[in-house]
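Pasting in a structure now, in structure tokens, and then I'll have a few things to ask.
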Amino acid sequence: MAAGPTPLSGLARRLVEDGVIDIKSAQKATESSRSERIPFVSFLVQNNMASARSIAEFASQEFGVPLLDLESFDTGTIPAELVDPKLVRQHNALPLVKRGVRLYVAVSDPTNMAALEEIKFQTAVNTEPVLVEEDKLAEIIERYLDSQDNAMDHLTGGDEDVDLDLEVPTDVDEEEEDGPDETPIVRFVHKMLLDAIKKGASDLHFEPYEKSYRVRFRTDGILREVADPPVSLGSRLAARLKVMSQLDISERRMPQDGRIKMKISKNRAIDFRVSTLPTLWGEKVVLRILDPSQAKLGIEQLGYEDDQRKYFEEALAQPQGMILVTGPTGSGKTVSLYTGLHILNKPERNISTAEDPVEINLEGVNQVNVHARIGLDFNAALRAFLRQDPDIIMVGEIRDLETAEISIKAAQTGHLVLSTLHTNSAAETLTRLSNMGVPTFNIATSVKLIIAQRLARRLCTHCKHEIEVPKDHLLTEGFTKEQVETGFEIFGAEPDGCDKCTSGYKGRVGIYEVVKVTPKMSRIIMDGGNSIQLAEAARSEGFDDLRRSGLKKVISGVTSLAEINRVTME
């Protein structure tokens with residue numbers, strides 16, 4: 001049965017009724033525009049079936065929509081940051097100006113309600129159509145999209161080939177999702193991720209502000225600005241990162257967390273932990289680089305002194321007890337814990353971890369992401385672990401009394417427990433547990449080792465230079481009289497650095513206070529001693545505090561005195 005003529009609606013029907021075009025031309029244009037996926041008015045103008053001017057004048061009178069001559073419009077006032085360029089190209093509609101709660105949108109077809117509704121939904125602003133001639137609209141849209149693309153080209157080196165061998169394993173095909181107009185955004189994001197990996201950055205910050213946008217890398221613990229894309233592209237950068245992280249791109253009012261896994265070679269993949277945050281001027285996106293190879297570096301590469309390494313390895317060899325790693329955010333606690341887990345990860349052991357979130361994937365370790373909203377918090381995970389015949393348990397962080405009590409109970413009943421606390425020193429860790437409400441007897445009998453740590457920047461081996469420091473100043477800084485009299489070289493950083501480093505530093509090294517809980521310290525704990533008494537006892541037992549450990553790194557030429565002063569406290 002032959003198909004009937006294509007029914008006409010909207011502008012096509014009105015053009016026929018008023019004799020602007022005949023019905024056959026209208027039906028042909030409707031069918032062809034649908035099959036070619038281009039706007040109806042664009043097809044009419046491109047095929048000379050009607051002039052852009054006549055269509056615009058007719059539609060303005062027929063539908064009561066104001067007509068604007070785009071030749072007299074200043075394109076520099078276009079609110080580019082409001083609307084995704086994909087919508088502009090898809091609907092052939094361009095936002096012109098925002099006044100109050102109204103956004104005026106240039107269209108060549110006033111019946112194209114889908115465009116106005118979708119733009120209204122994306123911007124949360126009421127839309128008002130303004131009629132313009134199709135040929136002029138097409139021209140200004142192309143100029144607008146080109147300007148957006150060119151704004152990114154100077155950041156990615158124009159047509160310079162960016163290494164895109166990185167694989168993003170999402171369920172969405174990149175080409176289909178982003179389209180050709182998104183190529184500069186895709187290229188820029190990939191370049192940022194690749195540059196961050198090459199420079200050894202730990203975090204990437206994509207930050208929108210009212211009149212600017214910046215991208216910063218945290219390299220060797222210091223944040224530095226690396227790019228300043230146009231502020232109008234902020235929403236596109238956030239959307240691209242959210243697509244890669246498999247997050248909800250339509251949700252812009254609530255924080256979201258996701259992950260990106262990027263394969264950079266056959267044998268190496270890098271994970272990014274992604275966090276979005278709605279700010280005053282858009283979504284800030286922070287990516288934490290999680291390199292699984294860091295957990296397999298080996299304890300000998302982390303910067304422990306020989307005696308500290310021995311204490312750590314002895315504690316890991318114990319069948320039960322608790323090992324606590326403390327320090328502020330970004331001090332390397334995760335790497336220390338995972339290094340310990342890597343040493344312990346043997347086929348004969350059952351290892352379970354509860355983390356918020358899981359940062360590094362370890363084959364052979366049962367890792368659980370805690371999810372407080374659904375009731376899967378640290379406490380629930382720990383209770384489940386104890387019913388799963390565990391040998392070793394790792395708790396991402398002890399935050400409250402209940403978590404502390406369950407962890408200590410596990411440590412007292414034949415399990416090795418590893419966890420973290422946010423304290424500044426080993427002594428403060430013990431008193432913090434007591435202040436939480438944990439009985440002192442339980443602390444004294446369960447905690448076997450405490451590691452307080454910081455990360456200091458390593459001096460660049462290519463440009464570091466020896467500096468002179470007066471002996472009295474060295475004594476003031478904490479060096480012993482014996483060390484000063486024996487003599488040693490002190491090196492400083494070259495402020496401008498060299499082509500192999502940043503400001504005279506390259507890489508970081510751990511500074512550790514490793515304290516084994518001795519019988520003397522256990523008695524102080526049970527007697528209710530404070531952190532000052534515990535710190536004095538640790539020193540008398542021969543354990544170096546963070547300051548002394550840092551000064552040893554200065555003597556060995558690994559870092560500078562200025563850097564140790566930055567990361568340790570007197």
Side-chain angles (χ1 to χ4, degrees), residues 79-91 93 95 103 114-127 148 152 166-190 192-193 196 203-209 213 215 229 231-262 270-290 355-359 361 367-377:
E81 70 281 0
L82 275 181
V83 179
D84 191 330
K86 285 193 294 184
L87 284 183
V88 173
R89 188 183 292 278
Q90 177 185 346
H91 292 298
L103 179 65
L116 299 173
E117 287 299 319
E118 195 163 350
I119 291 173
K120 177 182 177 180
F121 176 78
Q122 188 195 66
T123 60
V125 178
N126 291 325
T127 54
Q148 295 290 291
M152 297 305 299
L166 305 178
E167 297 177 9
V168 185
T170 65
D171 297 331
V172 182
D173 181 78
E174 287 187 19
E175 191 65 32
E176 289 182 6
E177 173 66 27
D178 297 293
D181 59 305
E182 289 290 323
T183 299
I185 293 290
V186 173
R187 190 164 62 241
F188 175 72
V189 170
H190 277 245
M192 290 296 99
L193 300 185
D203 302 86
L204 298 83
H205 293 241
F206 292 79
E207 303 170 309
Y209 297 97
Y213 192 100
V215 180
V231 65
S232 62
L233 303 181
S235 61
R236 293 170 67 185
L237 290 169
R240 173 60 187 164
L241 289 164
K242 288 165 76 174
V243 166
M244 295 173 71
S245 313
Q246 298 180 325
L247 300 178
D248 183 359
I249 62 173
S250 65
E251 177 56 76
R252 302 179 179 181
R253 299 168 299 173
M254 294 292 292
Q256 296 187 68
D257 295 305
R259 293 177 79 94
I260 299 172
K261 188 177 184 66
M262 307 194 76
I270 300 291
D271 287 337
F272 295 84
R273 189 182 73 202
V274 183
S275 173
T276 71
L277 179 70
T279 67
L280 191 61
W281 305 107
E283 286 183 286
K284 175 176 178 176
V285 185
V286 176
L287 290 81
R288 166 67 58 88
I289 299 178
L290 308 172
E355 303 168 70
D356 184 19
V358 172
E359 296 199 4
N361 179 35
Q367 297 172 279
V368 175
N369 257 326
V370 301
H371 200 321
R373 289 185 180 178
I374 62 173
L376 180 58
D377 54 15

Glu207: which residues meet the side chain to side chain contact (heavy atoms under 4.5 Å, CB included) condition with it, sequence neighbours left out? His205, Tyr209, Arg214, Arg216, Lys284
Are any non-hydrogen side-chain atoms of Pro229 and Val215 less than 4.5 angstrom apart? yes
Residues that Asp377 engages under side-chain hydrogen bond (donor to acceptor under 3.5 Å, both in side chains), provided they are two or more places apart: none
State, to 0.1 Å, how close Ile249 and Ala239 come at their nearest heavy-atom pair, and which atoms those are. CG2-O, 3.9 Å
Partners passing salt bridge (charged side-chain N to carboxylate O under 4.0 Å, His left out) against Glu251 (at least two apart in sequence or in another chain):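 Expected list: Arg253.
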Just to verify, what does Pro278 make a side chain to side chain contact (heavy atoms under 4.5 Å, CB included) with, not counting sequence neighbours?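 Side chain to side chain contact (heavy atoms under 4.5 Å, CB included) list for Pro278, sorted by chain: Pro255.
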Among residues at least two apart in sequence or on other chains, which ones pass side chain to side chain contact (heavy atoms under 4.5 Å, CB included) with Val358?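 Expected list: Tyr338, Glu355, Gln367, Asn369.
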Going by an N to O cut-off under 4.0 Å, is there a salt bridge joining Asp271 and Arg259? yes
side-chain hydrogen bond (donor to acceptor under 3.5 Å, both in side chains) filter on Gln256, not counting sequence neighbours, yields none
State which residues pass side-chain hydrogen bond (donor to acceptor under 3.5 Å, both in side chains) with Asn126; sequence neighbours excluded, sorted by chain then number. none
Holding to side chain to side chain contact (heavy atoms under 4.5 Å, CB included), I want the full list of residues that pass it with Ala115, two or more places apart in sequence or in another chain. His91, Ala93, Asn112
Can you confirm whether Ile289 sits close enough to Phe272 that some side-chain heavy atom of one is under 4.5 Å from a side-chain heavy atom of the other? yes
